[in-house]
Novice: 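Quick one: the structure is below, and I'll ask about it shortly.
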Amino acid sequence: MKSARIPGPGEPLELVESKNPSPKESQVLIKVLATGVCHSDLHLWEGGYDMGDGTVMKVTDRGVKYPVTPGHEIVGTIHQSGPDAGDYAVGEKVLVYPWIGCGKCPACEADNENLCDAPRSLGVFQDGGYADYILVPHHKYLARLGSVNVESATSLACSGLTAYTAIKKASINAPRYIVIVGAGGLGLMGVQIAHAITDATIICVDLDTKKLETAREMGAHHTIISKSENAIRDIIEICDGKGADSVVDFVNSSITAKMGMDILRKRGSIVLVGLYGGLLNLSLVTIPLKAITIQGAYTGSYRDMIELLDLVRKGKINPMISRRYSLSEANDALIDLKNHKITGRAIISP
């Protein structure tokens, strides 16, 4: 098998050949058809996260070990199964759930493996989908695609799943106005999902006018250029002069998080999703006085992924794939992502 591996932080990916693994017990060997290129891959490649105070949290501090094969948005076909790997047929198309946990902590026991205390996620802590084959440790992490488009399905394991979980959190109290910050791959999925599962007026905020045009096409009722001098005022005015009921920040930088707090109405909630990094200074007294909720969202559960797949089957969501790369072009894919050259999602097809 061939795989594009990260030798160490900041080092170019190397194309490596190795022997195909043989699945045992409940394991399944998947022939990869497509893998999404995610910002988390970029953090893995760069080696850390900006903590906002001049320090970087290294991915190795979280348990990542190099060399590692990135890629956690994986779609493929059943190539070979272990003797206890269920009734999947060879050649059947599947989406892989990559957020594998330890199976023993409180989160895993509640079927929230994405929030595991000792995660073993594919493409992060285990080798992922920047390869032509991947060994999935148990068939329970697979979902049949059926009629869902192979390329579109890749984003449902991470960016789509993350957006779905975040919008669900933001829509618990039936908001009238939802502000979505960021119109990249995550944000555009968020716009579609908010349009599909809520009755809210959707306001999308970004720096890029072209991305905002796409956001309108996908269901945003209003778009705001974030660098505009009157951006905060304009958003509040759209929200009946009271501010947003919910803000979902798919960037989560110091600047965007501050904007989110500034436009939040009394009793509002802000969901922080992105991993851009930075610091946020809070006026603590305003949190109880406004009774606001601040929460994070990190990927989603297996059952969330199944719910999301169902929305795609019903035609309510159409993931946007804009760029395609070969396995040998994995470095180009990450560089293009870093330089903001990708709208929607890019994929690698071995």
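The model shown is predicted, which means the values in this text are computed figures rather than measured ones.
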Novice: According to salt bridge (Lys or Arg N to Asp or Glu O under 4.0 Å), who are the partners of K168, at least two apart in sequence or on a separate chain?
Specialist: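 Applying salt bridge (Lys or Arg N to Asp or Glu O under 4.0 Å) to K168 gives D304, E307.
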
Novice: In this structure, would I270 and I235 fall into the same cluster of hydrophobic residues linked by side-chain contacts under 4.5 Å?
Specialist: yes

Novice: Is any side-chain heavy atom of Y66 closer than 4.5 Å to one of P9?
Specialist: yes

Novice: Can you list the steps and then say if Y49 with V59 is a side chain to side chain contact (heavy atoms under 4.5 Å, CB included)?
Specialist: CA-CA 8 Å; Y49 306 88; V59 296; 3.7 Å; yes

Novice: For residues V94 and W99: do they belong to one hydrophobic cluster (side chain heavy atoms under 4.5 Å, members Ile, Leu, Val, Met, Phe, Trp, Tyr)?
Specialist: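 Cluster IDs for V94 and W99 match.
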
Novice: Report, one line per pair, each donor and acceptor closer than 3.5 Å where one atom sits in a side chain of residues 117-127; sequence neighbours left out.
Specialist:
unit_1: R120; atom_1: NE; unit_2: G101; atom_2: O; d: 3.1
unit_1: R120; atom_1: NH2; unit_2: G101; atom_2: O; d: 2.9
unit_1: Q126; atom_1: NE2; unit_2: R120; atom_2: O; d: 2.6
unit_1: D127; atom_1: OD1; unit_2: R5; atom_2: NH1; d: 3.0
unit_1: D127; atom_1: OD1; unit_2: T69; atom_2: N; d: 3.0
unit_1: D127; atom_1: OD2; unit_2: R5; atom_2: NH1; d: 2.9

Novice: With hydrophobic residues grouped by side-chain heavy-atom distances under 4.5 Å, do L44 and M51 end up in a single group?
Specialist: yes

Novice: Considering only distance and modelled atom types, tabulate donor-acceptor pairs under 3.5 Å from the side chains of residues 147-160, sequence neighbours left out.
Specialist:
unit_1: N149; atom_1: OD1; unit_2: E151; atom_2: N; d: 3.0
unit_1: N149; atom_1: OD1; unit_2: S152; atom_2: N; d: 2.9
unit_1: N149; atom_1: OD1; unit_2: S152; atom_2: OG; d: 3.3
unit_1: E151; atom_1: OE1; unit_2: R324; atom_2: NE; d: 2.9
unit_1: E151; atom_1: OE1; unit_2: R324; atom_2: NH2; d: 2.8
unit_1: E151; atom_1: OE2; unit_2: R324; atom_2: NE; d: 3.1
unit_1: T154; atom_1: OG1; unit_2: E151; atom_2: O; d: 2.8
unit_1: S155; atom_1: OG; unit_2: S152; atom_2: O; d: 3.2
unit_1: S159; atom_1: OG; unit_2: S155; atom_2: O; d: 3.4

Novice: Rounded to the nearest 0.5 Å, how far apart are CD1 of I172 and OG of S269?
Specialist: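 Reported to 0.5 Å precision, the distance equals 8.0 Å.
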
Novice: What residues form a salt bridge (Lys or Arg N to Asp or Glu O under 4.0 Å) with D310, not counting sequence neighbours?
Specialist: K314

Novice: If hydrophobic clusters are built by linking Ile, Leu, Val, Met, Phe, Trp and Tyr wherever their side-chain heavy atoms come under 4.5 Å apart, do V312 and I306 end up in the same one?
Specialist: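 Yes, same cluster.
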
Novice: To the nearest 0.5 angstrom, please state how far the NE2 atom of H222 sits from the OH atom of Y177.
Specialist: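 The distance works out to 7.5 Å.
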
Novice: To the nearest 0.5 Å, how far apart are NE2 in H221 and CD1 in I202?
Specialist: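 One finds 5.5 Å between NE2 of H221 and CD1 of I202.
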
Novice: From C38 SG over to L334 CG, what is the distance, rounded to the nearest 0.5 angstrom?
Specialist: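 If we round to the nearest 0.5 Å, C38:SG and L334:CG are 10.0 Å apart.
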
Novice: If you look at every heavy atom in A170 and V248, which pair is closest and at what distance?
Specialist: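 Scanning both residues, the minimum pair turns out to be CB-CG2, 3.5 Å.
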
Novice: Would you say S254's side chain and G278's backbone share a donor-acceptor pair under 3.5 angstrom?
Specialist: no

Novice: Can you list everything that forms a side-chain contact (heavy atoms from CB on, under 4.5 Å) with K58? Sequence neighbours excluded, please.
Specialist: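 For K58, the residues satisfying side-chain contact (heavy atoms from CB on, under 4.5 Å) (neighbours in sequence not counted) are T60, D61.
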
Novice: Could you check if a side-chain atom of F250 sits within less than 4.5 angstrom of a side-chain atom of T256, using non-hydrogen atoms only?
Specialist: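 No. Closest side-chain heavy atoms not under 4.5 Å.
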
Novice: When you measure from the side chain of N112 to the backbone of A107, do you find a donor-acceptor pair of N or O atoms at a distance under 3.5 Å?
Specialist: no

Novice: Flag yes if more than 12 heavy atoms outside N339 fall under 6.0 Å of its CG atom; otherwise flag no.
Specialist: yes

Novice: Are side-chain heavy atoms of H72 and D41 found at a separation under 4.5 Å?
Specialist: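 Of all side-chain heavy-atom pairs linking D41 with H72, at least one is under 4.5 Å.
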
Novice: Let me have the donor-acceptor pairs involving side chains of residues 180-201, under 3.5 Å, with sequence neighbours excluded, atom names and distances please.
Specialist:
unit_1: Q192; atom_1: OE1; unit_2: N318; atom_2: N; d: 2.7
unit_1: Q192; atom_1: NE2; unit_2: N318; atom_2: O; d: 3.2
unit_1: T198; atom_1: OG1; unit_2: A194; atom_2: O; d: 2.6
unit_1: T198; atom_1: OG1; unit_2: A200; atom_2: N; d: 3.3

Novice: Spell out, as yes or no, whether a donor-acceptor pair under 3.5 Å connects the side chain of S81 to the backbone of V28.
Specialist: no

Novice: Determine the minimum heavy-atom distance between A215 and T223, stating which atoms define it.
Specialist: CB-CG2, 4.5 Å

Novice: How about L145 and L309: do any of their side-chain heavy atoms sit closer than 4.5 Å?
Specialist: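 Touching, per the 4.5 Å side-chain cut-off.
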
Novice: Looking only at heavy atoms, what is the nearest atom pair of A34 and I347, with distance?
Specialist: CB-CD1, 4.1 Å

Novice: Has the side chain of Y302 got a donor or acceptor atom that lies under 3.5 Å from a matching backbone atom of L142?
Specialist: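 Answer holds: yes.
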
Novice: For residues 232-258, pull every pair meeting salt bridge (Lys or Arg N to Asp or Glu O under 4.0 Å), keeping only residues two or more places apart or in separate chains.
Specialist: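 Non-adjacent pairs meeting salt bridge (Lys or Arg N to Asp or Glu O under 4.0 Å): R176-D240, R233-E237, K258-D262.
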
Novice: Kindly work out whether a path of hydrophobic side-chain contacts (I/L/V/M/F/W/Y, heavy atoms less than 4.5 Å apart) joins Y276 to M261.
Specialist: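 Yes, same cluster.
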
Novice: Measure the shortest side-chain to side-chain distance between N114 and Y97 over non-hydrogen atoms and say whether it is less than 4.5 angstrom.
Specialist: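 Heavy-atom side-chain distance check passes, below 4.5 Å.
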
Novice: Testing L13, I134, V16 one by one against S3 for a side chain to side chain contact (heavy atoms under 4.5 Å, CB included), which residue passes?
Specialist: V16

Novice: Taking all non-hydrogen atoms of both residues into account, name the closest pair between C102 and C116 and its distance.
Specialist: N-SG, 3.1 Å

Novice: Quick one, I255 and M259 - any side-chain contact, counting heavy atoms below 4.5 Å?
Specialist: no

Novice: Excluding sequence neighbours, so at least two apart, what forms salt bridge (Lys or Arg N to Asp or Glu O under 4.0 Å) with E11?
Specialist: none

Novice: Where the side chain of K290 meets the backbone of L264, is there a donor-acceptor pair that is under 3.5 Å apart?
Specialist: yes

Novice: So, does D132 use its side chain to make a donor-acceptor pair with the main chain of K2 at under 3.5 Å?
Specialist: yes

Novice: Considering only heavy atoms from C-beta outward, does the side chain of T343 approach that of K210 to under 4.5 Å?
Specialist: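 No, their side chains stay 4.5 Å or more apart.
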
Novice: Could you walk me through whether I78 and I30 pass the side chain to side chain contact (heavy atoms under 4.5 Å, CB included) test, one step at a time?
Specialist: CA-CA 5 Å; I78 305 292; I30 302 296; 3.7 Å; yes

Novice: To the closest 0.5 Å, what do you measure between CD1 (I292) and OG (S246)?
Specialist: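 OG of S246 is found 12.0 Å from CD1 of I292.
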
Novice: Output every pair passing ring-ring contact (aromatic ring centres under 6.0 Å, His included) with a member in residues 311-340, not counting sequence neighbours, ordered by first then second residue.
Specialist: none

Novice: With a 3.5 Å cut-off and sequence neighbours excluded, list the donor-acceptor pairs that the side chains of residues 20-27 form with protein atoms.
Specialist:
unit_1: N20; atom_1: OD1; unit_2: M1; atom_2: N; d: 3.3
unit_1: S26; atom_1: OG; unit_2: D84; atom_2: O; d: 3.2
unit_1: Q27; atom_1: OE1; unit_2: K24; atom_2: N; d: 2.8

Novice: Given side chains that start at C-beta, do those of Y164 and I317 come closer than 4.5 Å, heavy atoms only?
Specialist: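 Of all side-chain heavy-atom pairs linking I317 with Y164, none is under 4.5 Å.
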
Novice: Might you point out which heavy atoms bring G52 and L279 nearest each other, and give the distance in Å?
Specialist: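 Scanning both residues, the minimum pair turns out to be O-CD1, 3.2 Å.
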
Novice: Would you check, one step at a time, whether the test side chain to side chain contact (heavy atoms under 4.5 Å, CB included) holds for Y130 with V37?
Specialist: CA-CA 9 Å; Y130 283 27; V37 180; 3.7 Å; yes

Novice: Report the distance from atom CD of E113 to atom OG1 of T299, rounding to the nearest 0.5 Å.
Specialist: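 OG1 of T299 is found 10.5 Å from CD of E113.
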
Novice: Kindly give the cluster partners of L289, where membership spreads through any ILVMFWY side chain lying under 4.5 Å from a current member.
Specialist: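 Besides L289, the hydrophobic cluster comprises V285, listed by chain and residue number.
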
Novice: According to salt bridge (Lys or Arg N to Asp or Glu O under 4.0 Å), who are the partners of D336, at least two apart in sequence or on a separate chain?
Specialist: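 With neighbours one apart ignored, the set is R323.
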
Novice: Using every non-hydrogen atom in the two residues, find where C204 and L212 come nearest and quote the distance to one decimal.
Specialist: O-CD2, 3.6 Å

